[in-house]
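Everything below concerns the one structure shown next.
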Amino acid sequence: MDIEQILEERIFEALTALFGKRPESLQIQPTNVEFEGTHTLVCFPISKIAGKGPEETARLIGEYLLQHAGIVSKFNVVKGFLNLSLSDATWLQVFGNILSSPQYGVVPPSGKEIMVEYSSPNTNKPLHLGHLRNNFLGHAVAKIYEALGYKVRRVQIINDRGIHICKSMAAWKNFGKGETPASSGLKGDKLVGKYYVEFDRAYKSEIKALEEKGVSKEAAEKEAPIMKQAVDMLQRWEAKDPEILSLWKMMNGWVYEGFEATYRRMGVSFDKLYYESQTYLLGKDEVLRGVEQGVFFKKEDGSVWVDLTSDGLDQKVLLRSDGTSVYMTQDIGTAILRFRDFPNIEGQVYTVGNEQEYHFKVLFLILNKLGYAWARKCYHLSYGMVDLPSGKMKSREGTVVDADDLMAEMAEEAARQTQELGKIEGMTDSDLNALSEMIGLGALKYFLLKVDPKKRMLFDPNESIALQGHTGPFIQYTHARIRAILRKAAERGMHVDPGMKVNATVLDPSERAVIAKLYQYPAKVLDAAQTYSPAVVANYAYELAKEYNQFYQTIPIFSEEDPARLQLRIAFSNCVGDVLKKAMGLLGIDVPERM
RNA sequence: GGGCCUGUAGCUUAACUGAAUAAAGCAUCUGACUACGGAUCAGAAGACUCGGGGUUUGAAUCCCUGCAGGCUCACCA
């Protein structure tokens, strides 16, 4: 049942009957809270057609609708705005539809398929706050598309080769004394990260020593023994030196184990992992094919370029003069490989920070030039940096917020506040632990997802850890309270099932408001998908919880004497709980039965 | 220098496919548990939507311009 569409049809009928003509489209918008009604028709554009003033036009339409439309029960006119109230019967019908569809807001599988890439870290450093935003965003977008009937393929590309990992290897070899995650008790990614830092320290002191001997800065940067060692390792890696390969495999293995633990706690997962070490050569063939087709061109020195000046960009190198690949080449190869691996996907969503906007613009243009029609369906889900109150996160200054530490702190804070409120009598330690995890992670995920992805955001630790106000735990709390009501109802023998008939005929304004909010859910999910913005769902869940809390505070449910109205309130609390759970589920956030 | 993005109460955010007195949260102040869970609710106070022009019956929203901040423009990844 599409209220907007029905209303639109009725209004068109009214316009034809009243004025003999109708505009192409209507402007119907939600009524501002200070006025009575839910839908507002903006009459300024219509008044021209009607040949009457906006107010009179609005009044005429309102009267016509009241008499003929059926679903309109009241109207008022403010300036050129026609505010309409729909009848309780209409709202009850809307609610009946929601109640009777357990899959409300979920589209059955459509056969469509899409790929979402997120995370994609380097393997020399542990995951940090920025990765959390990335992973939560990608994971949420994947969930949202699933709700719209898509089969979603979650992937990431792991940057497992290159000079950065060789730096950690060189430092470990020099200073590690055979240290392993097992011997040190450190998580694998932390251990490798430690040696990356170690490299930097040793490198700097070597440069300083050389400079003191009178070597120029530039020469010192190249001559520093540990850097020479790292470069040497990279060359030997490319030559498939078995000793280097086994060291590389061992250290990357540590990192993957460490990452895996972090992903598990974050609640994200992947269907397939791509490794640059396995894909970096693949783009080269495509680029050479492009040269044959005349899409790219070769310079005298042998380097290959693409000319994007006609697209308002410049020329980009695709193969170095020595024939080796650059980053772009790899990404071309990886994209094509993915479409071969998953032939049914209609497109790819790349969850990557906004510093790579130019890169993706170029990548998609190149894929298009190579003749891949799916290039148009590739989307760069670009998101802004996460700043700290002290400014940008900088690893050099040690201001990076570690993902594991942050999740642990959030769970601890949740545990502390839960204890303080003392509502969890009789819970076992393991239940309590799971609850703290749910609330802490819920607060963190919600905090990072409620902001429009494309905006740069500020991460204030004090604010992120708050559990009141516009937060995840606020919504979790609303859900828990609804579940408590349903338990009480069940004790009294009242149950909710989708097939039940709602006998109530009258609604309280606060009930109407909640039903109107519930009704918006599918449209919000669609909007979130089309704009690749989980923030839409996050803000919706908050609005629904807030609307319900207002109802809850004004209407004592169980003191209602009319059984039909009591039944309605139980049923509708149940629906709100379900939608909150679903909406939060799309964000990767669980909701508790009690808290 | 070229390109892209952002600028909204003290702070963090909504609204950005043009509409009414710009909507919330935090912080501040005032109220509400003999009632279903106060991690809640009600109320007060708080904004010339960065500045200046323009289009429009109507601009936070669209156009031009200036200012501030960010990202980017490698034979790096």
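Per chain, numbering begins at 1; letters A, B, ... match sequence-line order.
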Using atom names, set out every protein N or O paired with an N or O of nucleotides 16-20 of chain B below 3.5 Å, distance rounded to 0.1 Å.
unit_1, atom_1, unit_2, atom_2, d
B:C16, N4, A:Lys455, NZ, 3.4
B:A19, N7, A:Gln27, OE1, 2.9
B:A20, N6, A:Thr40, OG1, 2.9
B:A20, N6, A:Asn83, OD1, 3.2
B:A20, N1, A:Asn83, OD1, 3.0
B:A20, N1, A:Asn83, ND2, 3.3

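- Between A:His359 and A:Tyr327, the two ring planes are parallel [angle under 30°; tilted spans 30° to 60°].
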Trace of the side chain to side chain contact (heavy atoms under 4.5 Å, CB included) decision for A:Phe81 with A:Cys43: CA-CA 6 Å; A:Phe81 298 91; A:Cys43 294; over 6 Å; no
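- A 3.5 Å limit on both hydrogen-bonding distances identifies B:C73 as the Watson-Crick or G-U partner of B:G1.
- Nearest-nucleotide positions on RNA chain B place A:Arg487 closer to the 5' end than the other of A:Ser325 and A:Arg487.
- Across all strands shown, A:Thr324 has no heavy atoms under 4.0 Å from either base or sugar-phosphate atoms.
- B:A68 and B:U6 make up a base pair, with Watson-Crick or G-U wobble contacts both under 3.5 Å.
- The aromatic rings of A:Tyr379 and A:Tyr532 sit parallel to each other, their planes meeting at less than 30°, with 60° as the upper class boundary.
- More than 12 heavy atoms of other residues, nucleotides or ligands lie within 6.0 Å of NZ in A:Lys299, so this atom counts as buried by the packing criterion.
- Of the nucleotides present, B:U30 is the one that pairs with B:A42 by Watson-Crick or G-U wobble criteria, both distances under 3.5 Å.
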Evaluate the criterion ring pair (Phe, Tyr, Trp, His ring centres under 6.0 Å) for residue pair A:Tyr196 and A:Phe199; output intermediate values, then yes/no. CA-CA 5 Å; A:Tyr196 189 74; A:Phe199 172 90; 7.0 Å; no
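- At a threshold of 4.0 angstrom between heavy atoms, the contacts of A:Ile555 include nucleobase atoms, whether or not backbone atoms are also involved.
- Remark: A:Arg416 engages A:Glu420 in a salt bridge, criterion side-chain N to carboxylate O under 4.0 Å.
- OP1 or OP2 of B:C36 has not a single side-chain nitrogen or oxygen of A:Arg492 nearer than 4.0 Å.
- Listed pair A:Arg161 / B:C76 fails the phosphate criterion, with no side-chain N or O lying under 4.0 Å from OP1 or OP2.
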Short N/O separations, protein against nucleotides 2-4 of chain B, under 3.5 angstrom:
unit_1, atom_1, unit_2, atom_2, d
B:C4, O2', A:Glu357, OE1, 3.4

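- At the phosphate of B:G38, OP1 or OP2 sits under 4.0 Å from a side-chain N or O atom of A:Tyr552.
- Atom name P, nucleotides B:A14 and B:G7: the rounded distance is 9 Å, in whole Å.
- A:Ser559 comes within 4.0 angstrom of nothing in the nucleic acid, heavy atoms only.
- Residue-level contact check: A:Tyr542 touches the backbone only, with heavy atoms under 4.0 Å from sugar-phosphate atoms and none from bases.
- Each of B:U13, B:A42, B:A77 was ranked by its minimum atom distance to the side chain of A:Gln550; first place goes to B:A42.
- Relative to the ring axis of A:Phe558, A:Lys488 places its NZ or CZ within 45° and under 6.0 Å from the centre.
- Note: CD1 (A:Ile482) to P (B:U40) measures 14 Å, nearest angstrom.
- Computed from coordinates, the A:Phe447 CZ to B:C26 P distance equals 14 Å when rounded to whole Å.
- Each of A:Phe558 and A:Met385 has a nearest nucleotide on RNA chain B; the 5'-most of these lies closest to A:Phe558.
- If you check every strand for non-hydrogen atoms under 4.0 Å, A:Ile485 touches sugar and phosphate atoms only.
- Across all strands shown, B:C62 forms a Watson-Crick or G-U wobble pair with B:G54, both key distances being under 3.5 Å.
- Checking B:C16 for Watson-Crick or G-U wobble geometry (two distances, each under 3.5 Å) identifies no partner in any strand.
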Going through the checks in order, is the ring pair (Phe, Tyr, Trp, His ring centres under 6.0 Å) test met by A:His470 and A:Tyr446? CA-CA 9 Å; A:His470 187 182; A:Tyr446 193 87; 5.5 Å; yes
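- Here A:Leu458 lies in heavy-atom contact (under 4.0 Å) with sugar-phosphate atoms only.
- A salt bridge does not link A:Asp322 with A:Arg320: none of the charged nitrogens is closer than 4.0 Å to a carboxylate oxygen.
- Here A:Ala480 lies in heavy-atom contact (under 4.0 Å) with a base.
- Among the nucleotides B:C36, B:U40, B:A77, the one closest to the side chain of A:Gln356 is B:A77.
- A gap of 11 Å separates the P atoms of B:G18 and B:C63, to the nearest Å.
- Within the cation-pi definition used here (under 6.0 Å to the ring centroid, within 45° of the axis), A:Arg481 qualifies as a partner of A:Tyr552.
- In this structure, the CD1 atom of A:Ile475 is 11 Å from the P atom of B:U40, given to the nearest Å.
- Between the P atom of B:A27 and the CD atom of A:Glu463 lies a distance of 9 Å, rounded to the nearest Å.
- For A:Ala538 against A:Leu449, the heavy-atom pair with the smallest separation is CB-O, 4.2 Å.
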